[in-house]
Undergrad: 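Encoded as structure tokens, here's the structure I'll be asking about.
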Amino acid sequence: ALKLIAGKQVPFTSRGDNSGTHQKETALWKEAGIEPAGDWYKSVGKGMGPSLTFASEEKAYILTDRATYLSMKDSLDLAVLVEGDELLFNQYGVIKVNPEKHPGINKRGADKFVEWILSEEVQAKIAEFGKDKFGQSLFIPNGK
């Protein structure tokens with residue numbers, strides 16, 4: 001998709017704010033062997049919401065997270081064209097602080113939190129979150 005966009009130099013909006021989404025976009029351009037530049041590539045230096053609004057107004061392509069897009073979809077003139085590729089996965093994780101390196105942390109609390117977030121009950125809640133309002137889950141759990 002990025003090769004087609006760059007090849008035809010159709011408008012593309014970048015967050016341009018060094019966020020995780022912007023870093024992912026940068027990695028995808030690099031993976032495609034493209035250094036995006038020119039009038040067709042607009043780096044707006046804003047958060048996801050304002051960037052989506054800009055892309056919609058400019059009739060531009062954009063890389064976005066599902067949650068922000070779905071929450072704003074009704075006010076945007078944008079549609080999802082590419083999804084499902086593993087390169088697009090936006091992984092969230094839970095990492096406990098090492099108590100041997102950082103004495104005084106709440107190791108018991110951290111262990112319980114990790115156990116809770118990975119439980120079947122919470123993973124099921126994550127899988128359902130947003131479905132009632134947006135017709136699909138905002139997040140895809142993969143704790144197993």
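We count residues from 1, following the sequence as given.
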Undergrad: Roughly how far, to the nearest 0.5 Å, is NZ of Lys3 from CD of Glu31?
TA: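 Here the rounded value is 8.5 Å.
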Undergrad: Any side-chain donor-acceptor pair under 3.5 Å between Asp39 and Gln9?
TA: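 Not at all, the side chains of Asp39 and Gln9 share no donor-acceptor pair under 3.5 Å.
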Undergrad: Can you get from Ile95 to Leu118 by hopping between Ile, Leu, Val, Met, Phe, Trp and Tyr side chains that sit under 4.5 Å apart?
TA: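 No, it is not one cluster - the side chains of Ile95 and Leu118 are not joined through contacts under 4.5 Å.
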Undergrad: Salt bridge (charged side-chain N to carboxylate O under 4.0 Å, His left out): which pairs involve residues 60-77, sequence neighbours left out?
TA: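 Residue pairs passing salt bridge (charged side-chain N to carboxylate O under 4.0 Å, His left out), neighbours aside: Lys59-Asp77, Arg66-Glu83.
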Undergrad: Taking Lys42's backbone N and O only, do any of them form a donor-acceptor pair with Ser14's side chain (distance below 3.5 Å, no angle check)?
TA: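 Such a contact is absent between Ser14 side chain and Lys42 backbone.
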Undergrad: For the residue pair Lys24 and Leu88, establish whether any side-chain heavy-atom pair is separated by less than 4.5 Å.
TA: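 A side-chain contact under 4.5 Å is absent here.
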Undergrad: Under a single-linkage definition using a 4.5 Å side-chain heavy-atom cutoff for Ile, Leu, Val, Met, Phe, Trp and Tyr, are Val114 and Ile126 assigned to the same hydrophobic cluster?
TA: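 In one cluster: yes.
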Undergrad: Between atom OG of Ser137 and atom NZ of Lys125, what is the distance when rounded to the nearest 0.5 Å?
TA: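 With rounding to 0.5 Å, OG (Ser137) is 14.0 Å from NZ (Lys125).
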Undergrad: With a 4.5 Å cut-off on side-chain heavy atoms, are Arg108 and Phe113 touching?
TA: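 Not touching, per the 4.5 Å side-chain cut-off.
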Undergrad: Kindly say whether Val44 contributes a backbone atom to a donor-acceptor pair with the side chain of Thr13 at under 3.5 angstrom?
TA: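 Checked: no pair found.
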Undergrad: Roughly how far, to the nearest 0.5 Å, is CG of Asp17 from OG of Ser51?
TA: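 Going from OG on Ser51 over to CG on Asp17, the span is 6.5 Å.
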Undergrad: Mind listing the side-chain donor-acceptor pairs of residues 127-135 below 3.5 Å, one per line with the distance, residues two or more places apart or on another chain?
TA:
from	atom 1	to	atom 2	distance (Å)
Glu128	OE2	Lys131	NZ	3.3

Undergrad: Can you name the nearest heavy-atom pair linking Leu78 to Ala60, along with the distance?
TA: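 Distance-wise, the nearest heavy atoms are CD2-O, 3.7 Å.
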Undergrad: State plainly whether one hydrophobic cluster holds both Met48 and Ile140, where clusters connect Ile, Leu, Val, Met, Phe, Trp and Tyr through side-chain heavy atoms under 4.5 angstrom apart.
TA: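 Result: no, two separate clusters.
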Undergrad: Which pair of non-hydrogen atoms, one from Leu63 and one from Phe12, has the smallest distance, and what is that distance?
TA: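 Of all heavy-atom pairs spanning Leu63 and Phe12, the closest is N-CZ, 3.9 Å.
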Undergrad: With Glu115, which residues qualify under salt bridge (Lys or Arg N to Asp or Glu O under 4.0 Å), at least two apart?
TA: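 Glu115 satisfies salt bridge (Lys or Arg N to Asp or Glu O under 4.0 Å) with no residue once adjacent residues are dropped.
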Undergrad: I'd like to know whether CD of Glu35 has more than 12 heavy-atom contacts from other residues, nucleotides or ligands below 6.0 angstrom.
TA: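 Incorrect, the count does not exceed 12.
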Undergrad: When the ring centroid of Trp40 is compared with that of Tyr61, is the distance short of 6.0 Å?
TA: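 Trp40 vs Tyr61: aromatic centres not under 6.0 Å.
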Undergrad: Once salt bridge (Lys or Arg N to Asp or Glu O under 4.0 Å) is applied, do any residues pair with Lys112, and if so which ones, sequence neighbours excluded?
TA: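 For Lys112 there are no salt bridge (Lys or Arg N to Asp or Glu O under 4.0 Å) partners, ignoring immediate neighbours.
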Undergrad: Kindly work out whether a path of hydrophobic side-chain contacts (I/L/V/M/F/W/Y, heavy atoms less than 4.5 Å apart) joins Leu2 to Leu81.
TA: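 Yes; Leu81 is reachable from Leu2 via cluster members.
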Undergrad: Would you call the rings of Tyr41 and Trp29 parallel, tilted or perpendicular if under 30° counts as parallel and over 60° as perpendicular?
TA: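 Perpendicular.
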Undergrad: Do Thr68 side-chain atoms and Thr64 backbone N/O form a donor-acceptor pair below 3.5 Å?
TA: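 No.
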Undergrad: Applying side chain to side chain contact (heavy atoms under 4.5 Å, CB included), name anything that partners Ile105, two or more places apart in sequence or on another chain.
TA: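 Applying side chain to side chain contact (heavy atoms under 4.5 Å, CB included) to Ile105 gives Val97, Pro99, His102.
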Undergrad: Find out whether Gln123 and Asn142 are in side-chain contact, i.e. whether some heavy atom of one side chain is under 4.5 Å from a heavy atom of the other.
TA: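 No, side chains not in contact.
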Undergrad: Atom NZ in Lys46, atom CG in Leu52: separation rounded to 0.5 Å?
TA: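 Between atom NZ of Lys46 and atom CG of Leu52 there are 12.5 Å.
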Undergrad: Tyr92 and Ile117: same hydrophobic cluster, using ILVMFWY side-chain contacts below 4.5 Å?
TA: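 Yes, same cluster.
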Undergrad: My understanding is that only residues two or more places apart in sequence, or in another chain, count here; which of them pass side chain to side chain contact (heavy atoms under 4.5 Å, CB included) with Asp111?
TA: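 By the side chain to side chain contact (heavy atoms under 4.5 Å, CB included) rule, Asp111 matches Lys96, Lys107.
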Undergrad: Using the side chain to side chain donor-acceptor pair (under 3.5 Å) definition, which of the options Gln23, His22, Arg15 pairs with Ser19?
TA: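 Exactly one pass, corresponding to Arg15.
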Undergrad: Backbone N or O of Thr53 within a donor-acceptor pair of the Ser56 side chain at under 3.5 Å?
TA: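 No; judged by distance alone, with no hydrogens or angles, the pair does not exist.
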Undergrad: Taking C-beta and beyond as the side chain, do Lys30 and Thr26 meet within less than 4.5 Å on heavy atoms?
TA: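 A side-chain contact is absent here, since even the closest heavy-atom pair is not under 4.5 Å.
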